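Just so it is clear, the structure is predicted and the values come from calculations on it, not from any experiment. All chains are named by letter (A, B, ...) in the order of the sequence lines, taking the proteins before the strands, and each is independently numbered beginning at 1.
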Protein chains: 2
Amino acid sequence: AEEAVALRAQAEAVRRLKQDKADPDEIAKEVAKLLEMKAQLGGDEGKPKFVLKTPKGTRDYGPKQMAIRERVFNAIISCFKRHGAEVIDTPVFELKETLTGKYGEDSKLIYDLKDQGGELLSLRYDLTVPFARYLAMNKITNIKRYHIAKVYRRDNPAMTRGRYREFYQCDFDIAGQFDPMIPDAECLKIVHEILSDLQLGDFVVKVNDRRILDGMFAVCGVPDSKFRTICSSVDKLDKVPWEEVRSEMVGEKGLSPEAADRIGEYVQLHGGLDLIEQLLQDPKLSQNKLAKEGLGDMKLLFEYLTLFGITGKSSFDLSLARGLDYYTGVIFEAVLLQQENEHVEELVGMGSVAGGGRYDGLVGMFDPKGRKVPCVGVSIGIERIFSILEQRLEASEEKIRTTETQVLVASAQKKLLEERLRLISELWDAGIKAEMLYKKNPKLLNQLQYCEDTGIPLVAIVGEQELKDGVVKLRIVATREEVNIRRESLVEEIRTRTSQ
Amino acid sequence: AEEAVALRAQAEAVRRLKQDKADPDEIAKEVAKLLEMKAQLGGDEGKPKFVLKTPKGTRDYGPKQMAIRERVFNAIISCFKRHGAEVIDTPVFELKETLTGKYGEDSKLIYDLKDQGGELLSLRYDLTVPFARYLAMNKITNIKRYHIAKVYRRDNPAMTRGRYREFYQCDFDIAGQFDPMIPDAECLKIVHEILSDLQLGDFVVKVNDRRILDGMFAVCGVPDSKFRTICSSVDKLDKVPWEEVRSEMVGEKGLSPEAADRIGEYVQLHGGLDLIEQLLQDPKLSQNKLAKEGLGDMKLLFEYLTLFGITGKSSFDLSLARGLDYYTGVIFEAVLLQQENEHVEELVGMGSVAGGGRYDGLVGMFDPKGRKVPCVGVSIGIERIFSILEQRLEASEEKIRTTETQVLVASAQKKLLEERLRLISELWDAGIKAEMLYKKNPKLLNQLQYCEDTGIPLVAIVGEQELKDGVVKLRIVATREEVNIRRESLVEEIRTRTSQ
């Protein structure tokens, strides 16, 4: 775009010089400059000019990024499978009305499709609403499933910090009517397992309950009609200090200063079973039905977390609110803690890397008869995790392989293309991962260099003498050792040498 | 929608009865019926009425479908990896202009996003154009990559035959300047490997070359300006007989009957190296530079296919044209052959299950300086394959597991929830795939039934006596055998018993 502006300016300059009947030499010079600029802009051959980019807030994954992504996915998927989850998939878009009224203020971030005749569609905003739609549509009242897929938000991207408009969510949810807090505790166990497995450094999982929040608002004197908006103010406490949140509550949202101050006292509290016990004795909170219910369940939850051995990294935190409208009970969010000996920038504004909670009313919004299916789930924020691992890998200079090729089929002399094709075909048919250079007569040096560059550990070299002797020369790239292997033993030899 | 029509009809009936001052009892009866219909339509509690469905031409994948899908993906991915491919991913949408001018008549099938301010976007129509954009944008001149992702076409869906508006493509492409036909032959080898591996029954891969087609059109007297449109008529030969195609050429497209008849003679030809040799001697074709080039390369290709041992299922077929504009050389398409002893309907209209070809000009369309990167690739049509396997599985009554759970943690008596939680946590931490029922006091029978239903092979039963003795009772579901295992040996025992 900058070049286009410069081009227009230059065209204007030429026009003026001509208009002013300037020195013909000067005009010629400026015209030449103009033509050169045009050529650089790719205007040759009358080709249409493309802006060569991906849409705002999106990116390609090259082979190296994919290799890291697969590692992270594998860790997450094996955890989900360890917990007995099935897997489902849903379309990338839903009927627009399916998403309507589920996301509160965030609805403005939904991508709509153009009306091209037919149904009005929107890209999914998360995987939770499609999951609820799937349950209601198929009348499923009991399932434990995971779903890993891209979701879409027309948000302000901050790509270096892992905030994209197209990004993956990795969701695990348990739907069904069960005894309290058992599935909820499993969701928290899953967060612990995944974050530990990925070795992202120290973390804490903040836990709260929408019922405790609502009860707290009630006893602090927040009018019912202001619960949601005050809740979204509280939600900002992980980013801005209490004083700012308080002035938003009082100034913008018209809450009384006394109510705000009472909230201020509660939201600074965080702890474990002790704090829960203390609040169960709190003269005001204990009088509120919702808060009491929430605190009772929170106590049960922390007892289960104790059995799972994960209370050390779990914190009952009254400032945790979570933005989305559909939560009805336990909510939680995992945040990475600053590492002392790491670069500070790396984690600033990283926000949460996992979050979730209980949403007992969402499926009922889709069911024609309003039948409810209680659900609790967790969503892993893969892009942020991925950003951290990508930066770490770049800093470490670790070389990452992007293929799994076991052997390069090579030749030492010319005119052996047919023999290479014959051999590589044998290897493929035996299940060996093999490559060859797509040249009739490649130089041996280039073939060996290709192995060095791509990390292929073995080279199977065919030569005239080897063909006569019924052998293949197998070269081990790392040690430069070469051994003749009988053709019929080659597959077995490659398997042995490349099995970990 | 049907219910809505019935509802309106009933309301109209009530209105008429009232207008006609009919018997009050009859009116009351019909009103009651109307109210019941309204209630069934979910109008109670003033809830908004949802159409509970996925968008037209799309579907959810439940756990069973996902299990089949994963099997197919695994076969395809391991083949791509066997051939040394890296993997990339691109966004689901592209700038609208990136897709403009790439798909000829099919462009009308592209899904556009709504203009919500900012860039104009479209959902990707295939993976080939995004790949070309990726290469040009990153100045990559040499890569072998696969990409498995969903693409979007506003086509007329025929879902039972595996035709969707959202569907997966599994693409493998080789980009770079290489010696002729070596990468092209590898793409055909890949098609053979995948279709053989998936055991879909007999198949044939039709092969042709755009240059042979263009040369053929020229020597048959088709004017240059009609090449593309006549080519798209030829493309219909797999669905309609020659006579219909001929009358389209002559009637709709204004080709002379003589030219059409000359084309008719060529497009009926198919065979192998013999046919190629014969056409290389053809007095007309051999005089055409393009056709000669194409036939020369086709000969080379079939020599390589001979070395790969796959000429048996390869057919040089002059009627193969392929719809897309961007092909410049070899084109191919794999079709399943009718099985005699199978249900006929199953394969009717199944069309091709894989296709591809060479597109040497596409990357140059994106490069600002028009630099070309020759490419050849193959796309596997997973949805059709998936439809076949799904139907086959349904017919076979084979029971397919949708989880990998190794063991259910159960209890024989009440009040052992805490012990179950403790044990399952130990198992998860040791990497064992374990589940438990989310009930405080589940009946043993229900726990065993759950294993039967979901295929879990082992049950680890905690009871008071076992706790005292420091053992867990391990039950083998298939044989009902029960053995006491010392707690510290349990993980190892489960591993041994569930390793294949």
Side-chain angles (χ1 to χ4, degrees), chain A residues 42 45 47 50-52 54-56 58 60-63 66 81-82 84 86-95 97 111-114 116 118-119 121 134 136-137 150 154 166 178-179 182-183 193 304 307-309 366 368-370 402-405 418 421-422 425 428 433 435 438-440, chain B residues 42 45 47 50-52 54-56 58 60-63 66 81-82 84 86-95 97 111-114 116 118-119 121 134 136-137 150 154 166 178-179 182-183 193 304 307-309 366 368-370 402-405 418 421-422 425 428 433 435 438-440:
Chain A
E45 296 175 53
K47 270 181 185 294
F50 287 107
V51 185
L52 211 52
T54 62
K56 185 178 177 187
T58 69
D60 297 317
Y61 284 79
M66 286 299 280
K81 286 189 173 174
R82 194 156 60 235
E86 303 181 283
V87 57
I88 72 160
D89 193 21
T90 65
V92 80
F93 41 58
E94 294 278 345
L95 298 186
E97 59 176 341
Y111 277 97
D112 291 329
L113 270 76
K114 188 171 155 185
Q116 294 171 288
E119 301 159 334
L121 308 174
Y134 171 79
M137 187 174 140
K150 288 173 176 174
R154 292 178 51 255
E166 173 186 61
F178 302 115
D179 281 325
I182 314 180
E193 285 180 22
Y304 295 160
L307 292 166
F308 287 163
F366 289 107
K369 295 193 174 157
T402 55
T403 70
E404 299 176 8
T405 309
E418 300 204 346
L421 290 170
R422 218 189 297 271
S425 181
W428 285 332
K433 295 170 191 139
E435 287 185 71
Y438 301 122
K439 298 197 93 180
K440 272 162 95 166
Chain B
E45 296 176 52
K47 269 181 185 294
F50 287 107
V51 185
L52 211 51
T54 63
K56 185 177 176 187
T58 69
D60 296 317
Y61 284 79
M66 285 300 279
K81 286 189 172 172
R82 194 157 60 236
E86 302 182 283
V87 57
I88 71 159
D89 193 20
T90 65
V92 81
F93 41 58
E94 294 278 344
L95 298 186
E97 60 177 339
Y111 277 97
D112 291 329
L113 269 76
K114 189 170 154 185
Q116 294 171 288
E119 300 160 333
L121 307 174
Y134 171 79
M137 189 173 138
K150 288 173 176 173
R154 293 179 51 255
E166 174 186 60
F178 302 115
D179 281 325
I182 313 179
E193 286 180 23
Y304 295 159
L307 293 166
F308 287 162
F366 289 106
K369 295 196 174 153
T402 54
T403 70
E404 298 175 9
T405 309
E418 300 205 346
L421 289 170
R422 218 189 298 270
S425 182
W428 286 331
K433 294 169 191 140
E435 286 184 71
Y438 302 121
K439 299 197 93 181
K440 270 163 96 167

Roughly how far apart are [X] [atom1] and [Y] [atom2], rounded to 0.5 Å?
X	Y	atom1	atom2	value
B/Lys439	A/Asp179	NZ	CG	6.5 Å
B/Thr54	A/Glu94	OG1	CD	7.5 Å
A/Leu113	B/Leu113	CG	CG	4.5 Å
A/Phe308	B/Arg422	CZ	CZ	11.0 Å

Problem - Interface moiety of A/Glu166 toward chain B, non-hydrogen atoms closer than 4.5 Å - result: side chain
Handout entry: Interchain contact, A/Leu95 with chain B, by part (heavy-atom threshold 4.5 Å)
Key = both
Minimum heavy-atom distance [X]-[Y], with the two atoms named:
X	Y	value
B/Lys440	A/Ile182	N-CD1, 4.3 Å
B/Val87	A/Met66	O-CG, 3.3 Å
B/Thr403	A/Gly84	CG2-O, 3.5 Å
B/Thr58	A/Phe93	CG2-CE1, 3.5 Å

Interchain contact, [X] with chain A, by part (heavy-atom threshold 4.5 Å):
X	result
B/Lys150	side chain
B/Gln116	both
B/Glu119	side chain

With the side chain counted from C-beta on, respond yes when [X] and [Y] share a heavy-atom pair under 4.5 Å apart, and no when they do not.
X	Y	value
B/Ser425	A/Leu307	no
B/Ile88	A/Pro63	yes
A/Asp60	B/Met137	yes
B/Thr90	A/Tyr61	no

Exercise for the section: For the pair A/Phe178 and B/Tyr438, name the ring-plane relationship: parallel under 30°, tilted 30 to 60°, perpendicular over 60°. Expected result: perpendicular
Problem - Top of B/Val92, B/Thr405, B/Leu121 for chain A proximity - count of heavy-atom pairs under 4.5 angstrom - result: B/Val92
Practice task
Return the option, out of B/Glu435, B/Lys433, B/Arg82, with the maximum number of heavy-atom pairs under 4.5 Å with chain A.
Solution key: B/Arg82
Problem - Donor on one side chain, acceptor on other, A/Thr402 and B/Glu86, under 3.5 Å - result: yes
Exercise for the section: Go through A/Glu418, A/Glu404, A/Arg154 and name the one with the most non-hydrogen pairs under 4.5 angstrom from chain B. Expected result: A/Arg154
